[in-house]
Amino acid sequence: MTAIPQSCDVLIIGGGPAGSSAATHLAQAGIDVVLLERSVFPRNQVGESLIPHIWKFSDMTGVSEKIEQEGFLAKAGGITVWNDKIHQILFSDFGYTRPGLHVERDIFDDILLKHAGCRGARVFNEVSVRAADFSDSQGTKIAYTDKRGHSNLEGAIRCQYVIDASGHSSFLANQFKVRQTISTRFNFLSLWGYYENSRFVGVDRKSYASEALATVKPVTFVMSFEDGWVWHIVLRGKTSVGLIVPTGRTKGMGRQQREEFFKHTCEHLPHLNKLLEPAKFIEGSLQYRPDYSYYSKNVCGENYYCIGDAAAFVDPIFSHGVQNAFYNAAAATLAIKESLKNPKQRFRYSQLCESRMQQFYGFSRALSLGDFGCNGVNPALVKSLMKSLPPLELELILAASEMTSRSENFRLLAREAGVLGRFDDNFSGQKRAPVAALEF
Ligand SMILES: Cc1cc2nc3c(=O)[nH]c(=O)nc-3n(C[C@H](O)[C@H](O)[C@H](O)COP(=O)(O)OP(=O)(O)OC[C@H]3O[C@@H](n4cnc5c(N)ncnc54)[C@H](O)[C@@H]3O)c2cc1C
C-alpha cells in the first residue's frame with residue numbers, strides 16, 4: 001500500500017469530475033498534487049446527460065480520446081414537453097460537430113480519475129478527509145482517516161492550497177458555515193432509479209425499442225408535470241429515470257413508500273408511460289437526494305478553492321453539473337498555478353477566481369430557476385458572462401432557455417445585455433420553434 005505523503009503543494013478533497021480534472025490540470029503543469037477520495041472507484045453517481053460543452057474541457061486535460069474509446073451513447077440533443085408544449089434542440093443545428101453523451105457516471109468518473117493518476121497526480125481512494133486547519137503558519141493541515149485495507153488510520157497532510165471538490169457534502173462550506181439554501185420556492189428533492197428495457201426517444205421524435213440504439217441516435221427526454229419534472233436518459237443496458245418534486249411531496253414517507261410513489265408517478269405520466277410500457281424497474285435502484293439547491297457565499301480564499309457541487313448546486317434541468325465542475329476546475333487551477341508563481345498576489349488571484357465562479361453559478365441559476373432574483377445572484381456578472389460567451393454556446397443556451405418556463409429572468413437579462421440581437425438572422429426559426437407532436 002502506497003504511503004500517503006506528509007506534504008504536497010495542492011491537496012484535493014474528492015475525485016469526482018471537479019476534483020479529478022483539477023488534479024490533471026495541476027499535474028500536467030508539474031505541480032505536486034495529492035487527491036484524497038473516500039470511495040472505491042468506480043462508484044455510483046447520478047448525472048448521466050452531458051452537453052457537448054464538456055469536450056473543450058476534456059481536450060484541455062487530454063482525456064477526450066479515452067472518453068471516445070469507451071463508446072458511451074452519443075446523444076443528438078434534447079426534447080422537452082413543458083406545460084404540454086413540445087420543444088426540440090439538436091446540437092448539429094447549432095454547428096456542434098461533437099455530440100452530447102449519455103454516460104454511466106461510475107465509468108465516466110473512473111476514466112477521469114485514472115487519467116489524473118496517469119498524468120502524475122497522486123490519487124488515494126478510501127481516504128476520507130475529516131478536517132482542514134488553516135491556522136498553522138507551516139501550511140494548511142488536512143486531517144484524514146485512511147480506510148484502505150480495512151484499516152482506520154488517522155493521519156494529516158500539509159499543503160499550500162486546498163481544493164474542495166467533495167460534491168454535495170460541501171466539506172469546506174460546511175466547516176466555514178457559508179452554505180446557503182436557495183429560496184424557499186425552490187425546495188426540491190430528487191428521486192431516481194433505473195429501468196431495464198425501456199423504449200427511448202430518437203432524434204426524429206419517435207420512440208424505439210432499445211435494440212434500435214445501434215442505428216438511431218437518442219435524445220434526452222424531459223417533461224414537466226403539476227409541480228415537478230421528470231428526466232428519461234437511455235444508457236447502455238438500462239435507463240435512468242428521475243423525478244424532481246417539491247420536498248413536501250414525499251414528507252413522512254419511508255423508503256418503500258418513496259419507491260411506490262416514484263414508480264406510480266413515472267408509470268402514469270403521459271409519454272413516459274409509453275416509454276416505460278415494456279420496461280422493468282431494477283429493484284433496489286431507487287436513490288434519493290433531499291438537500292437540493294444551495295450555494296456558498298464564498299468559494300475562494302487565499303489558500304482554498306471550492307469547486308463543482310462543493311460550491312453550489314442548482315436544479316440539473318439543463319444538464320449543467322459536469323460542465324460546471326470542469327469549468328470551476330479550470331478556473332481554480334489557473335489561479336493556483338499563478339499564485340504558486342507569484343505568492344504575493346495569491347489573494348488577488350483567489351478573488352478574481354471567486355468572481356468568475358460566482359458569475360458562472362449565477363448564470364446557471366438564472367437559467368435553471370425561475371425565481372432568479374432570489375438570494376445573491378449578481379445580474380451584472382451574469383450579463384457580462386453572456387456577452388463573453390462564444391456565439392455557438394450562447395445561441396444553444398438561449399434556445400434551451402425557450403424550452404421550459406424556468407428561464408424567463410434569464411431571457412430578460414439576455415435582452416438587457418443586448419445579446420439577443422446577435423442572432424437576428426438565425427435565431428428565430430427552426431432551431432427553437434416548438435414542434436408539433438411526438439410519435440411514441
Ligand atoms: C438528481 C441529479 C441529477 C443530475 N443530473 C445531471 C445531468 O444530467 N448532467 C450533469 O452534467 N449533471 C447532473 N447532475 C449534477 C452532477 O451530478 C454534479 O454536478 C457532478 O457530479 C459534480 O461533480 P463534483 O466532482 O463536483 O462532485 P461529485 O461527482 O459528487 O464528486 C465528489 C466526490 O467527493 C468525494 N468526497 C466527498 N466528501 C469527501 C471527503 N470528506 N473526503 C474524501 N472524499 C470525499 C465523494 O465520494 C465523491 O466521489 C445531477 C445531479 C443530481 C443531484
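For ligands, and for the atoms within them, numbers begin at 1 and follow the listed sequence. Note that the numbering runs from 1 along the sequence shown for the chain. All values below come from the heavy atoms of this structure, side chains included, with hydrogens, waters and symmetry mates left out.
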Numbering as shown, the atoms of ligand 1 that approach [X] to under 4.0 Å (heavy-atom distance):
X      : value
Val127 : 43 (C)
Leu36  : 43 (C), 44 (N)
Ser190 : 1 (C)
Phe313 : 15 (C), 51 (C), 52 (C), 53 (C)
Trp231 : 1 (C), 3 (C)
Ile13  : 40 (C), 42 (N), 43 (C)
Gly308 : 26 (O)
Ser39  : 47 (O)

Checking [Y] against [X]: is there a side-chain donor and acceptor pair closer than 3.5 Å?
X      : Y      : answer
Asn44  : Gln287 : yes
Arg406 : Ser368 : no
Ser350 : Glu302 : no
Gln88  : Arg205 : yes

Nearest protein heavy-atom contact for [atom]: which residue, which atom, what distance?
atom                    : result
atom 37 (C) of ligand 1 : Ser166 O, 3.2 Å
atom 53 (C) of ligand 1 : Arg289 NH1, 3.4 Å
atom 33 (C) of ligand 1 : Glu37 OE1, 3.5 Å
atom 50 (C) of ligand 1 : Pro316 CB, 3.7 Å
atom 19 (O) of ligand 1 : Asp309 OD1, 2.7 Å
atom 44 (N) of ligand 1 : Arg38 N, 3.1 Å
atom 32 (C) of ligand 1 : Ala165 O, 3.4 Å
atom 17 (O) of ligand 1 : Val46 O, 2.9 Å

Ligand 1 N/O within reach of [X] N/O, cut-off under 3.5 Å:
X      : result
Val129 : yes
Leu50  : no
Phe171 : no
Phe41  : no
Gly321 : yes

Quick one: look at [X] and ligand 1, take heavy-atom pairs under 4.0 Å, and tell me if it's side chain, backbone, both or neither.
X      : result
Ser319 : both
Arg130 : neither
Asn324 : neither

Row check, [Y] ring normal vs [X] NZ/CZ: under 6.0 Å, within 45°:
X      : Y      : value
Arg365 : Tyr295 : yes
Lys238 : Tyr194 : yes
Arg258 : Tyr288 : yes

Validation row: [X], [Y] side chains within 4.5 angstrom (heavy atoms):
X      : Y      : answer
Ile107 : Glu70  : yes
Arg38  : Val127 : no
Asp315 : Trp229 : yes

Is the CG atom of Asp136 crowded by more than 12 outside heavy atoms at less than 6.0 Å? yes
Heavy-atom count check: over 12 atoms from other residues, nucleotides or ligands less than 6.0 Å from Arg356 CZ? no
Option nearest atom 30 (O) of ligand 1 (shortest heavy-atom distance, choices His168, Arg43, Gln45): Gln45
Select the closest option to atom 8 (O) of ligand 1 among Ser128, Ser49, Ala132, judged by heavy-atom distance. Ser49
So, Asp9 and Arg158, do they make that salt bridge, N to O below 4.0 Å? no
Which pairs count as side chain to side chain donor-acceptor pair (under 3.5 Å) when at least one residue sits in residues 11-29, sequence neighbours excluded? Gln28-Arg119
Aromatic plane relationship, Phe326 with Phe108 - under 30° parallel, 30 to 60° tilted, over 60° perpendicular: tilted
Tell me whether the rings of Phe134 and Phe176 are parallel (<30°), tilted (30 to 60°) or perpendicular (>60°). tilted
Can Tyr144 be said to touch ligand 1, with heavy atoms closer than 4.0 Å? no
Would Ser169 count as a contact residue for ligand 1, given that I'm defining contact as a non-hydrogen atom of the residue lying under 4.0 Å from a ligand atom? yes
